[in-house]
Amino acid sequence: MTNHIVLFEPLFPANTGNIARTCAGTNTVLHLIKPLGFSTDDKHMKRAGLDYWDKVKVIYHDDLPSFMDSVDNLEHLYLVSKFATRDYTDVNYNEDGDHYFLFGKETTGLPEPFMRRYPELAIRIPQNDSNIRALNLSNSAAIVIYEALRQQSFPNLSRVHKYPFDKLK
């Protein structure tokens with residue numbers, strides 16, 4: 001079982017860099033759906049996590065249909081959107097197979113016709129919609145991926161870290 005974070009036409013290098021860092025730390029595959037609002041070798045990417053870029057498996061897709069063609073099982077594709085009616089915590093991420101978490105563009109989210117075609121795949125992070133339009137993209141990706149990993153018992157992740165000269169002992 002592999003987890004995948006998928007970004008639809010991301011605009012801001014800092015968000016993508018932060019998500020890449022989360023992917024590196026959680027053994028999550030990162031998918032980027034073009035067009036991107038930046039170059040992945042842009043200086044801003046370096047500040048936001050490019051030093052982790054070689055630790056992340058990154059897959060580029062030319063467009064949303066080409067990404068959709070790459071997904072074997074749509075039952076394990078989750079469209080993360082504030083317009084969903086099902087909470088992200090109401091899903092069982094322990095089922096065998098890869099799990100894909102698709103996030104929309106920072107300014108406009110996922111395309112409305114696409115969302116209307118797959119409403120049963122949509123999940124939501126609860127928020128106060130009267131106070132904000134949306135949570136930050138990199139925060140949202142971290143929230144969702146860590147819920148999936150928690151349900152999966154954090155596979156292949158360190159649960160304890162010891163310092164060579166632990167001052168707490």
Would you confirm whether [X], through its side chain, and [Y], through its main-chain N or O, come within 3.5 Å as a donor-acceptor pair?
| X | Y | answer |
| --- | --- | --- |
| Glu9 | Leu36 | no |
| Asp87 | Thr89 | no |
| Thr28 | Ala24 | no |
| Thr16 | Pro13 | no |
| Arg116 | Pro111 | no |

If every non-hydrogen atom of [X] is compared with every non-hydrogen atom of [Y], which pair is closest and at what distance?
| X | Y | result |
| --- | --- | --- |
| Ile123 | Val144 | CD1-CG1, 4.4 Å |
| Arg159 | Ser153 | NH1-O, 3.9 Å |
| Leu137 | Gly104 | CD1-O, 4.0 Å |
| Ala122 | Met115 | CB-CE, 4.0 Å |
| Val56 | Ala20 | CG2-O, 3.2 Å |
| Ile5 | Leu7 | CG2-CD2, 4.0 Å |

key: Charged N-O contact under 4.0 Å between Asp90 and Arg124   =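 Salt bridge between Asp90 and Arg124, a charged N being under 4.0 Å from a carboxylate O: no.
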
Find the distance between [atom1] ([X]) and [atom2] ([Y]) and round it off to the nearest 0.5 Å.
| X | Y | atom1 | atom2 | value |
| --- | --- | --- | --- | --- |
| Glu106 | Phe8 | CD | CZ | 11.5 Å |
| Phe38 | Phe12 | CZ | CZ | 10.0 Å |
| Leu121 | Ser81 | CG | OG | 12.0 Å |
| Tyr118 | Leu77 | OH | CG | 8.5 Å |
| Thr107 | Arg133 | OG1 | CZ | 9.5 Å |
| Leu64 | Asp69 | CG | CG | 10.0 Å |

ask   = Can you say whether the rings of His99 and Tyr93 are parallel (under 30°), tilted (30 to 60°) or perpendicular (over 60°)?
value = perpendicular

task = Indicate the ring-plane relationship of His31 and His61, choosing parallel, tilted or perpendicular according to the 30° and 60° boundaries.
result =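 Ring orientation of His31 relative to His61: parallel.
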
Any heavy-atom pair between the side chains of [Y] and [X] that's under 4.5 Å?
| X | Y | answer |
| --- | --- | --- |
| Tyr78 | Val91 | yes |
| Ile59 | Leu30 | no |
| Asp98 | Asn73 | no |
| Lys82 | Leu135 | no |
| Phe154 | Tyr146 | yes |
| Cys23 | Val29 | no |
| Phe114 | Leu79 | yes |
| Val6 | Phe101 | no |

query = Can you find a side-chain donor-acceptor pair between Gln152 and Asn3 that sits under 3.5 Å?
reply = yes

message = Testing the 3.5 Å rule here: is there a donor-acceptor pair between the side chains of Ser66 and Asp63?
response =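 Side chains of Ser66 and Asp63: pair found under 3.5 Å.
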
Heavy atoms from other residues, nucleotides or ligands near [atom1] of [X] exceed 12 (cutoff 6.0 Å):
| X | atom1 | value |
| --- | --- | --- |
| Tyr60 | OH | yes |
| Asp129 | CG | yes |
| Glu75 | CD | no |
| Glu120 | CD | yes |
| Arg86 | CZ | yes |

ask   = Ile132 and Leu110: same hydrophobic cluster, using ILVMFWY side-chain contacts below 4.5 Å?
value = no

query = Should Leu32 and Thr40 be marked as a side chain to side chain contact (heavy atoms under 4.5 Å, CB included) after you check the CA-CA gap, both sets of side-chain angles, and the distance that decides it?
reply = CA-CA 10 Å; Leu32 300 176; Thr40 53; 4.1 Å; yes

